[in-house]
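Only one structure is covered here, and it is reproduced in the block below.
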Amino acid sequence: MRLATWNVNSLKARLPKVLDWLEYAQPDVLCMQETKLADAAFPTMPFAGLGYEVAHHGEGRWNGVAIASRVGLGEVSQGFVSGPGSADGPDEARLVTAECAGIRVSSVYVPNGRSLDSEQYPLKLAWLERLRTDLTSGLSPETPIAICGDFNIAPEDRDVYDAAKFVGATHVSEAERSALRALTDWGLADAFRCVYPHEGKLFTWWDYRAGDFHNHRGMRIDLVLVSPPVREAVRYALVDREARKGLGSEAPPSDHAPLFVDLDWAIGPASS
DNA sequence: ATGGTAGCATCGCTA
């Protein structure tokens, strides 16, 4: 089973590239973030044409998350479903969860945080804490779980191109990394790190500006977090940098590259 | 130190 995540930065602008990538990379499940679409505007037909069912949670102009699956899609929930303060906070489409081939898959788009002195920064930390309680309360780590998406956190200094340039910046602060550790302490593992335990400077996002992609100035902020039964099944993972390139007259790329994780996992017949 | 780019509900905001 190939499980992928990709912040597409507008599915409307990126649809041809996403469809090309589905045909080329053949993921069984693709989690998307920043679709920037309302639910009614989601292009269901071209996904169905490639054999994918889709669960989407969108609001229109910003955010928007989706899960496309060709191995079954059930028990869909949009947004937070439980936990304290579930009625609080801004109504932003940043979480959708569905069961795919026996794995509880979530597509998440963690708030950016903007800067440490922004009012958005504590909201990011609160959102992460709420994500933890929502996705883990009442569950055993032995439940097959995969939380996939744009976490807007680089877990370690080796996950940014130059740690010195990020001192005092968001995405690398101790509080953000601690919020991420709360998830891993519960039992979730960074699947990419399971495959590349020693490497550094392997990124999933590069700023559009100043030739950052070409100059290898990026960050690893897109993650697939897996519970122990899924971790046991991890065989391979890759960031597809080809998809971050703008090729000739094609549509321009997202500023994120897709990450996929290959699992030795029984898919079984597709069901819905 | 600044600015660099992209998407959008575009002349301001988000990333």
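In what follows, chains are A, B, ... by sequence order, proteins preceding strands, each numbered from 1. Excluded from the calculations below are hydrogen atoms, water molecules and symmetry mates; all remaining heavy atoms, backbone and side chain alike, are included.
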Taking it one step at a time, do A:W62 and A:Y109 satisfy ring pair (Phe, Tyr, Trp, His ring centres under 6.0 Å)?
CA-CA 11 Å; A:W62 290 311; A:Y109 177 47; over 10 Å; no

Distance check, [atom1] atoms only: [N] and [M], in whole angstrom units.
| N | M | atom1 | value |
| --- | --- | --- | --- |
| B:dT5 | B:dT10 | C1' | 15 Å |
| B:dA6 | B:dT2 | P | 23 Å |
| B:dG12 | B:dA1 | P | 28 Å |
| B:dA9 | B:dT14 | C1' | 13 Å |

Verify the distance criterion only: is there a donor paired with an acceptor across the side chains of [X] and [Y] at less than 3.5 Å?
| X | Y | value |
| --- | --- | --- |
| A:W205 | A:D255 | yes |
| A:E142 | A:S227 | no |
| A:N112 | A:Y121 | no |

From NZ of A:K165 across to P of B:dA1 the rounded distance in Å is 12 Å

From CG of A:L37 across to P of B:dG7 the rounded distance in Å is 14 Å

For this session: Assign A:R217 to base, sugar-phosphate, or nothing according to its heavy-atom contacts below 4.0 angstrom with the strands shown.
Result: nothing

Expected string for nucleotides 8-15 of chain B under the B/S/- scheme (protein heavy atoms, under 4.0 Å, primed atoms plus P, OP1, OP2 as sugar-phosphate) is SB----SB

**Q.** Short side-chain to backbone donor-acceptor contact, A:T170 and A:L116, under 3.5 Å
**A.**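 Not at all, since once roles are kept as given, no pair shorter than 3.5 Å links the two residues.
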
_Looking at A:R104, I'd like to know if its CZ atom is crowded, meaning that more than 12 non-hydrogen atoms belonging to other residues, nucleotides or ligands lie closer than 6.0 Å._
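Atom CZ in A:R104 is not packed in, count stays at 12 or less.
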
